[in-house]
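Just so you know, these numbers come straight off a predicted model, no measurement behind them.
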Amino acid sequence: MNTVLDREIPLILIVDDNPANVTLISSHIKKQNYEFSIATNGNRALELAEEILPDLILLDVMMPGMSGFEVIEKLKANELTKMIPVIFLTAATEQEDMVKGFNLGAVDYITKPFNASELYARVRTHLRLQQYQRRVNYDNIVLERLNNEKNEILGIVAHDLKNPIYNISMLAKLILSEKDMSRDEIEEFSTDILTSTEKMLQLIMDLLDVNAIATGKIYVHIEEYNIVRIITEIATLFAERAKKKDIVLHWTPPKDEIVLKTDSRALLHILDNIVSNAVKYTNPGKNVFINVELIEKEIVISIKDEGQGFSEQDKEKMFNRYQKLSAQPTGDEHSSGLGLSIVKKYLDLINAKIELESVFGEGSTFYIKLPIN
């Protein structure tokens, strides 16, 4: 069942123990092309209200067993149903009870015998009000989430940029103050500055990717590509980085081309992140393996490492934004907690899937599955 925000046709719950009233009201509701459900007693009304979450409840006041007043009290005490507008159905002689109904949370009342025009008008008005209220509530939730994300981004930027900026500043001051600095010292300090700037640039690029995906500013451009060539480009890029950590990156391109229609930029970004993580979290003296094969109607790219692996808690949150997992880089690399969340978005854009096999403390294998069609 769709959520109330996705529901295209309003759903009304009619609560009345009189079959004649139910038939009359439902016939009027049908003419307005609204959907409806029926409950003939208070207990069933409470069950249905929680189950179907109607957009509006038409509730008879006088019912045997549980009265309409008791029903609305229970509805308003339930977090799931308290925001559903309730219109009381009452005989003209019972209008003095309406003050009590309003005090309990009813939004309106309709007197019996029913006037079709009055019923249409009141139902239509409160359905519109409910729709506006739900939209306002939804927008408030979105705004709160965006505000929280903004605060998270500011926290990440403040924390993750502070140290490299401080390092660059101190190294620059040191270079300026030392008049007789040797060439070796200049190269050492320059390397440290370059490392710090690369960390900052990577964080900024990650944040820009997150923003572009969130605002819908990334578009896929589907063309025919040789997947082997794309993987070779990534393997070549990271082979040197792996070598500096005494890690061996294994990639043997297959003899035949493997051609696929996809977005090469998205695929490059996915592979860049997964292979980068494999090198980043693997200890010196270990291995990283890249492989590609055609399995039935999928191209499967596997990236296997002998690193730290993922705990069960890590697996549950690994694709969430701003999540720092338990594994730590084994060199002087930086992690923003954004990479895998960006990977998941790019995978969705090109209709691909990702699977993980991992034993905590022993390593991981990611399988990227690309549909041929």
Side-chain angles (χ1 to χ4, degrees), residues 1-7 9-141:
M1 185 182 69
N2 291 335
T3 66
V4 290
L5 282 173
D6 296 330
R7 188 181 289 151
I9 301 174
L11 174 60
I12 298 170
L13 176 59
I14 303 169
V15 185
D16 198 314
D17 65 309
N18 187 321
N21 288 340
V22 170
T23 300
L24 181 61
I25 296 170
S26 59
S27 66
H28 290 323
I29 295 298
K30 278 183 182 178
K31 291 177 183 178
Q32 296 302 304
N33 295 319
Y34 298 142
E35 294 182 347
F36 63 89
S37 290
I38 297 168
T40 56
N41 60 70
N43 285 322
R44 182 56 181 156
L46 294 172
E47 291 174 0
L48 265 180
E50 188 168 326
E51 178 184 335
I52 66 175
L53 296 178
D55 299 282
L56 180 69
I57 297 176
L58 298 175
L59 177 60
D60 187 24
V61 173
M62 302 303 295
M63 293 186 296
M66 187 183 299
S67 72
F69 296 131
E70 292 174 285
V71 172
I72 194 172
E73 280 186 302
K74 293 182 181 297
L75 287 170
K76 298 304 176 184
N78 186 331
E79 286 295 322
L80 286 175
T81 59
K82 69 179 183 180
M83 299 304 296
I84 302 172
V86 176
I87 297 178
F88 270 130
L89 308 175
T90 177
T93 56
E94 299 165 352
Q95 288 188 40
E96 62 275 9
D97 290 336
M98 286 304 97
V99 174
K100 180 178 179 181
F102 286 131
N103 288 335
L104 290 173
V107 296
D108 209 341
Y109 69 93
I110 302 172
T111 56
K112 305 173 188 177
F114 302 113
N115 177 289
S117 298
E118 179 186 8
L119 178 64
Y120 296 155
R122 293 181 186 273
V123 167
R124 185 170 58 249
T125 296
H126 289 290
L127 282 174
R128 286 177 178 172
L129 289 172
Q130 175 70 341
Q131 184 181 28
Y132 295 149
Q133 184 61 54
R134 278 180 175 154
R135 178 52 55 187
V136 168
N137 291 342
Y138 177 78
D139 289 345
N140 285 338
I141 291 171

Asks: Evaluate the side-chain proximity of Leu129 to Pro85: yes if any heavy-atom separation is below 4.5 Å, no if none is.
Replies: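 A side-chain contact under 4.5 Å is absent here.
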Asks: Show the nearest heavy-atom pair for residues Gly105 and Lys76, with the distance to one decimal.
Replies: O-CE, 3.7 Å
Asks: Would you indicate whether Lys74, at its atom NZ, is surrounded by more than 12 heavy atoms from other residues, nucleotides or ligands within a distance under 6.0 Å?
Replies: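 Open: at most 12 neighbouring heavy atoms sit under 6.0 Å from NZ of Lys74.
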Asks: Quick one: does Ile84's side chain get under 4.5 Å of Leu75's, heavy atoms only?
Replies: no
Asks: Apply the side-chain contact (heavy atoms from CB on, under 4.5 Å) test between Asp16 and each candidate in Asn21, Asn41, Leu24; give the one that qualifies.
Replies: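 Exactly one pass, corresponding to Asn21.
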Asks: Looking at Ile110 and Leu119, what are the two nearest heavy atoms and their distance?
Replies: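 Minimum heavy-atom contact is CD1-CD1, 3.3 Å.
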Asks: Does a side chain donor of either Asn137 or Gln133 reach within less than 3.5 Å of an acceptor in the other side chain?
Replies: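 Note: Asn137 and Gln133 side chains meet the donor-acceptor criterion.
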Asks: Quick one: closest heavy-atom pair of Leu59 and Gly68, and the distance?
Replies: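 Closest heavy-atom pair between Leu59 and Gly68: CD2-O, 3.4 Å.
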Asks: Can you tell if the side chain of Leu89 reaches within under 4.5 Å of the side chain of Ile25, non-hydrogen atoms only?
Replies: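 They are in side-chain contact.
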Asks: Side chains of Asp60 and Val15, heavy atoms from C-beta outward: is any pair under 4.5 Å?
Replies: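 SC-SC contact between Asp60 and Val15 ruled out.
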Asks: Can you tell me how far the OG atom of Ser26 sits from the NZ atom of Lys31, to the nearest 0.5 Å?
Replies: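 It comes to 10.5 Å.
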Asks: When rounded to the nearest 0.5 angstrom, what distance separates CG in Leu13 from CG in Leu46?
Replies: 9.5 Å
Asks: Output the distance between atom CD (Glu51) and atom CZ (Arg44), rounded to the nearest 0.5 Å.
Replies: 6.0 Å
Asks: Within the structure provided, determine whether Ile87 and Val107 are in side-chain contact (heavy-atom separation under 4.5 Å).
Replies: yes
Asks: Nearest 0.5 Å, what's the CG-CD1 distance between Leu56 and Ile14?
Replies: 10.0 Å
Asks: Determine whether Tyr109 and Arg122 make a side-chain contact, defined as any pair of heavy atoms from C-beta on separated by less than 4.5 Å.
Replies: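 No. Closest side-chain heavy atoms not under 4.5 Å.
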Asks: Ring centres of Phe88 and Phe69 under 6.0 Å apart?
Replies: yes
Asks: Are Tyr34 and Leu127 side-chain neighbours, meaning at least one heavy-atom pair lies under 4.5 Å?
Replies: yes
